[in-house]
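Structure record follows, encoded as structure tokens.
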2 protein chains.
Amino acid sequence: MSTEPGPEAGGKSLFSLQRRERLMEELRAHGAITVRGIAAKLGVSELTIRRDVNLLADEGLVSRVHGGATLPSPLDRSATAGLPSPHSYSIGMVVPSLDYYWPQVISGARAEAEEQNLRILVRGSAYDAADNRRQVQALLDTQNIDGLIVAPDMTGERGQELLRWLNALPIPVVLAERRSPGDNPAHRLEWVATDHAFGAGMAVRHLWQEGHRQIGCLTDSSSPTSPHVVRGWRQAMKALKIPVEKSVHEDSAQLVNGDRAAHFDHVLELCKTTGTTAMLVHSDTQAVAFVQHCVDRGIQVPGDMAVVGYDDEVAYLAEPAISAVRPPKQYVGKVAVQLMAARLAEGRLRPVHRIELNPELILRESSVGAPRVPAAGVLQDSL
Amino acid sequence: MSTEPGPEAGGKSLFSLQRRERLMEELRAHGAITVRGIAAKLGVSELTIRRDVNLLADEGLVSRVHGGATLPSPLDRSATAGLPSPHSYSIGMVVPSLDYYWPQVISGARAEAEEQNLRILVRGSAYDAADNRRQVQALLDTQNIDGLIVAPDMTGERGQELLRWLNALPIPVVLAERRSPGDNPAHRLEWVATDHAFGAGMAVRHLWQEGHRQIGCLTDSSSPTSPHVVRGWRQAMKALKIPVEKSVHEDSAQLVNGDRAAHFDHVLELCKTTGTTAMLVHSDTQAVAFVQHCVDRGIQVPGDMAVVGYDDEVAYLAEPAISAVRPPKQYVGKVAVQLMAARLAEGRLRPVHRIELNPELILRESSVGAPRVPAAGVLQDSL
DNA sequence: TCTGAAACGATCAGACTCGAACAAGCGAGG
DNA sequence: CCTCGCTTGTTCGAGTCTGATCGTTTCAGA
């Protein structure tokens, strides 16, 4: 059947792009192809195949060998010679805040970038999709960047739209502290994010071990982190068989000063009626304020009310010092840059990576009962 | 034996690059090779092997010895500038199969291990928790390993028990192609796994784009991969608004020969009554059998029934060649070793990493309708 | 230390592959 | 209708890979 050109469906001659696709497919199937064999199979001259092979080899999709081609091999000298190009890459980075949480992420990214010999250009942005896009666009226009690390707003239709746009950019994109949905519209986006649900769960289990049987949750729904914290809190409560519906779960987004004091009083009232003796407070800025409020109201921390904060930015400043879940912010930046560097080096052959990092629980005074050992931090493994 | 370089048809002749790769693989597996042995194995003259060895030695990838070659040894003074190998770690690796799927994972792991200057000890195991544990224990007892990469059976109470045991081991553990639950009992376990649900979803969306409106799923529930494939199929169906309850979803675990034929007939009958024109078949071994069965029954593939396989081990062998979702097996091994190397280097300060990799969809004849453009693979970005 | 067997590499020849240069085919646009 | 630009095919000298021969080197046992 394959004596004459057109062994495939219909003797239609293929376009060059299709031919190269066929070629890649044969290659994937067999691991290697001969110029002669493929030329016969596709009914074109060997020279044509050779030209295709050269083209694909230039893109790093195959390794050239005498008489044919193979899947790219690390032994292929020309490949390794070509890739570590002397011109170092520039990476754009757009983050939603330059004074909370993100400085450490950036610092981690910078350190790793230096290691990898990359340049990083950071821009701050607002917490909304339109501004995210503006900032990214500005980077694309004025600098010429080879890759993008970004923590976009993903809420609502605008967020989805932004994701699609990022997905379609001609340069690789890595999300930091954001998860793109696994399915279609963002299938090329890679990400690295902290598993905040795990962190919240860890806090709840710690409080449980300290003897607390009603554990509340105070969140700030204006933060993208919040839903994950709540989810983790819920899951852990369920696993510990504490009824979630009867537990204190309040949101303190957008509150300031006077309002906040009133709201905290409300929360404390709820705690009293439900018998809640421990709170997980998202954003440890809030936690600091909450602990301060408790102290002002004569409520002992941790005696009457144990508190664990979330984020560990300022938790150690409070009096008493607040236990907090600490996301590995430095590592988020570091891993994002590693992903980007690997992507730039290996190209399309590298599969899309999506990485979750576990936070750690830093124990301080606000959650550890007096009789217990106040030891803290990284050394504990038992949780 | 063949005077011509056999282009197809299992021809033994390899390109030099492939030969060198085979050589490296043998080397990684056994630690040393003899010129004579390899020459016989590959069916080339000893001189050719010698030339290859010299070439690899020049690049510092092997050490020459009289009669053969070994992995580069620090004792070999000709080795380039004495690679910094202060003390190399040993990693144990326990996988549930040595002849399906896992050889590629192992190969990827070996290659990366060599890069990182680690030693890897591989053991096969059965697909059950008790034997997993036995094999791991054997590694711990006889070799003394510094880290463990394992793909355990995680089903049932025995599986959970095994996870807890692994979690408590004094050495770092990385799971390959397995996800530990995010919560408590396995919080120290890191893992790297293919996002099979994404792969299944990609297949469904591809079939949808080809015009199919009823897409069935044929699974093998005896495989740990199966639940994820089903989940991805379900999710994608839901997103496309195809009623899942009315769709064909059959399981063919444990069937052989006669039973299988009967079962396939049953499946085809179901397809007819439901109007199903496309099937996602887990384990492409099954897919090959299924396509064969269709052809035997006079059902056109892809005309009457489009098929996408899952795993891409043998899918290309079928006639017509079967489209298949390909998990990045090499990368699973590679990333597992990277995780381990980083863990061994950085210790407990490094946060727990959990990594998902996306598979890719290899389009072949079995799912691509004649009228459509048959272009496939990496060059297309639109899916 | 000696000696035979095996391994090694320089050299050559044969078969095949590669790519430059030029010619021919095809589709788009003036 | 013709020309332009792009892709593909043909020819042929140069280049590459492999294997055979054979003299030299290395190894292991006496």
Side-chain angles (χ1 to χ4, degrees), chain A residues 2-8 10-24 26-27 30 32-59 62-70 73 75-79 81-82, chain B residues 1-9 11-24 26-27 32-59 62-70 73 75-78 373 375 379:
Chain A
S2 57
T3 52
E4 279 298 303
E8 289 312 303
K12 248 198 314 204
S13 74
L14 301 167
F15 294 116
S16 59
L17 193 80
Q18 298 174 288
R19 205 177 44 236
R20 287 194 283 275
E21 289 289 0
R22 272 301 307 265
L23 211 149
M24 286 304 293
E26 289 295 325
L27 204 50
H30 301 105
I33 52 174
T34 62
V35 169
R36 171 168 298 186
I38 292 298
K41 202 164 209 167
L42 302 188
V44 296
S45 80
E46 300 185 7
L47 179 54
T48 302
I49 298 299
R50 261 183 228 118
R51 284 197 268 241
D52 287 340
V53 167
N54 283 338
L55 216 140
L56 293 169
D58 287 343
E59 295 189 40
V62 306
S63 283
R64 297 234 40 201
V65 294
H66 200 82
T70 71
S73 153
L75 299 181
D76 183 0
R77 208 190 263 110
S78 66
Chain B
M1 11 203 111
S2 51
T3 50
E4 292 274 311
E8 308 292 318
K12 261 300 188 185
S13 98
L14 299 170
F15 292 119
S16 58
L17 193 81
Q18 294 179 288
R19 213 175 38 234
R20 289 195 285 275
E21 224 160 307
R22 273 296 300 273
L23 209 150
M24 289 304 293
E26 291 288 330
L27 208 49
I33 52 172
T34 63
V35 169
R36 170 168 296 190
I38 293 296
K41 201 168 222 166
L42 301 187
V44 296
S45 79
E46 299 185 10
L47 178 54
T48 301
I49 298 298
R50 258 180 230 121
R51 283 197 269 239
D52 287 340
V53 168
N54 285 340
L55 215 140
L56 292 170
D58 287 345
E59 299 191 27
V62 306
S63 284
R64 303 229 34 200
V65 295
H66 198 80
T70 70
S73 146
L75 300 177
D76 181 6
R77 61 170 50 194
S78 71
V373 180
L379 296 185

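Lettering follows sequence order; numbering is per chain, from 1.
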message: Expressed as a whole number of angstroms, how long is the span from B:Asp58:CG to C:dG9:P?
response: 11 Å
message: Check whether B:Glu26 reaches the backbone of B:Leu23 with its side chain - one donor and one acceptor, N or O, closer than 3.5 Å.
response: no
field: Distance, rounded to the nearest Å, where B:Arg50 contributes CZ and D:dT25 contributes P
entry: 16 Å
message: Between C1' on C:dG14 and CG on B:Leu47, what's the gap in Å once rounded to a whole number?
response: 15 Å
task: Could you tell me whether the phosphate oxygens of C:dC8, OP1 or OP2, come under 4.0 Å of any side-chain nitrogen or oxygen in B:Arg64?
output: yes
- request: Measure the distance from CG on A:Leu55 to C1' on D:dT7 and round it to the nearest whole Å.
  value: 12 Å
query: Are A:Thr48 and D:dT8 close enough that a side-chain N or O sits under 4.0 Å from OP1 or OP2?
result: no
statement: Taking D:dT18, C:dT11, C:dG19 as options, the one with an atom nearest any side-chain atom of B:Ser16 is D:dT18
query: Among D:dT10, C:dC8, D:dT16, which nucleotide sits nearest the side chain of A:His66?
result: D:dT16
statement: From CG of A:Asn54 across to P of C:dC18 the rounded distance in Å is 9 Å
query: Can you check the A:Ile49 CD1 to C:dG19 C1' distance for me, whole Å?
result: 15 Å
- prompt: Considering the options A:Arg64, A:Arg20, A:Arg51, which one meets the side chain to side chain contact (heavy atoms under 4.5 Å, CB included) requirement together with A:Leu56?
  reply: A:Arg20
- prompt: Is the phosphate of C:dA7, meaning OP1 or OP2, less than 4.0 Å from a side-chain N or O of B:Arg36?
  reply: yes
message: Just to be sure I understand the rule, does A:Val65 reach a base, reach only the sugar-phosphate, or reach nothing, if contact means heavy atoms closer than 4.0 Å?
response: sugar-phosphate
message: If I take atom CG in residue B:Leu17 and atom C1' in nucleotide D:dT18, what distance separates them, rounded to the nearest angstrom?
response: 16 Å
message: For a 4.5 angstrom cut-off between non-hydrogen side-chain atoms, does A:Ile38 reach A:Thr34?
response: no
query: Do B:Arg19 and B:Thr48 have side chains that get closer than 4.5 Å, going by heavy atoms?
result: yes
- request: Evaluate the side-chain proximity of B:Val62 to B:Met24: yes if any heavy-atom separation is below 4.5 Å, no if none is.
  value: yes
task: Whole angstrom is fine here: how far is it from CG in B:Asp52 over to C1' in D:dG19?
output: 13 Å
query: Should A:Arg19 be listed as having a side-chain N or O under 4.0 Å from OP1 or OP2 of D:dT8?
result: yes
- request: Check whether any side-chain nitrogen or oxygen of A:Ser45 sits under 4.0 Å from OP1 or OP2 of D:dT8, and answer yes or no.
  value: no
query: Can you find a donor-acceptor pair, distance only, under 3.5 Å between A:Arg51 side chain and D:dG9 base?
result: yes
